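Note that ligands are numbered from 1 as they come in the structure, with each ligand's atoms numbered from 1 the same way. Since this is a predicted model, take the numbers as computed values, not measurements.
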Amino acid sequence: MDIQLDIYSPVQKIQHQLFTEKGIEVFIKRDDMIHPIISGNKWRKLKYVLQDARLANKQHLVTFGGAFSNHLLATAAAAAKFGFKSTGFVRGEEVQNDTLFLCRLHGMHLIFVDRDSYRNKPALFERYFSHDGDAYFIDEGGASTLAAKGCSELVIELPQRYDHIFCACGTGTTAAGIINGLVGHELETEFNAIPVFKNGDFMRADIDKYLINSAIYTLHTDYHFGGYGKTTQQLIDFIKQFVDGTGILIEPVYTAKMLYAIYDLARKDHFTPGSSILAIHSGGIWGLLGMKGKF
Ligand SMILES: *Cc1c(COP(=O)(O)O)cnc(C)c1O
């Protein structure tokens, strides 16, 4: 079976009085619509990795993530769809949650490992699967050069030129891929990366690692809302207003922080009137389930 999905990721305009007042146009690229579970950047990141596994005749995907990892879930669903076995190493003590339930539903075997052992992923892979000739290693968050290559293809789908593109960053692979795409097509769009971690300046090194040519881009490090997986009432209120106002689901770990940044920067007159801004909806909406107690 070919490892391929037909990409459906329309660009939609976000209507808001704030944007009208400031004379800017804001659009959102709906990568969340690519697949209900292998959604957003996760399909783009997995595409060439899975093709590589298939080419190497490996039938068993082995990967790593936290208990709420969208990457684990996307890998489980992609494995099920394309006929692989899958194992996920989960950081920390054994827990049950909606993400892990969906992983198991797609046939992923879960192995919980303490935080110390989790740090050395190649050693874990070696310890458990050195005798499994079918096992194929996929790093935490799916970060790799092949993943960045998959993400760079987003750029060829863009229906127009934008002054700004905004994207949330975890490993920085998606950001790097899109920047590579922009540079490769000589587009003069300013790329804006929103790290979802505290002290996100380190993200620059993580992004640069996957850049084909060095590039100038902007890192906005003030939109972490307390750190990875952390949220505030302000962010929750923003999510409610955004979902209510647009009918587009977003989640608190990545996409809400990135979109909040756009609204906040617009309020602060960061954008020249006449600017066009594209937000990348990188998917992950099942992450909402981990926060349902807070709504
Ligand atoms: C995984 C994920 C990201 C982060 O992608 P990276 O390539 O690791 O930076 C962003 N948004 C969503 C919704 C994700 O699930």
* Taking it one step at a time, do Y263 and V26 satisfy side chain to side chain contact (heavy atoms under 4.5 Å, CB included)? -> CA-CA 10 Å; Y263 283 73; V26 179; 6.0 Å; no
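For E190, the side chain to side chain contact (heavy atoms under 4.5 Å, CB included) partners are H164, N192, T218, not counting sequence neighbours.
The existence of a salt bridge linking R204 and D208 is excluded, since no basic side-chain nitrogen approaches an acidic carboxylate oxygen closer than 4.0 Å. Salt bridge E25/K13: present, at least one basic N to carboxylate O contact under 4.0 Å.
F64 and V90 are not part of a single hydrophobic cluster, where members link through side-chain heavy atoms under 4.5 Å apart.
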Between the protein and ligand 1, are there any N or O atom pairs that come within less than 3.5 Å of each other, and if so, what are their names and distances?
residue	atom	partner	partner atom	Å
ligand 1	5 (O)	N41	ND2	2.8
ligand 1	7 (O)	K45	NZ	2.8
ligand 1	7 (O)	T171	OG1	3.4
ligand 1	7 (O)	T174	N	2.9
ligand 1	7 (O)	T174	OG1	2.6
ligand 1	8 (O)	K45	NZ	3.0
ligand 1	8 (O)	T171	N	2.8
ligand 1	8 (O)	T171	OG1	2.6
ligand 1	9 (O)	G170	N	2.8
ligand 1	9 (O)	T171	N	3.1
ligand 1	9 (O)	G172	N	2.9
ligand 1	11 (N)	S282	OG	2.7
ligand 1	15 (O)	K42	NZ	2.8
ligand 1	15 (O)	N70	ND2	2.8

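The aromatic rings of Y228 and F197 lie parallel to each other, with less than 30° between the two planes, well short of the 60° mark.
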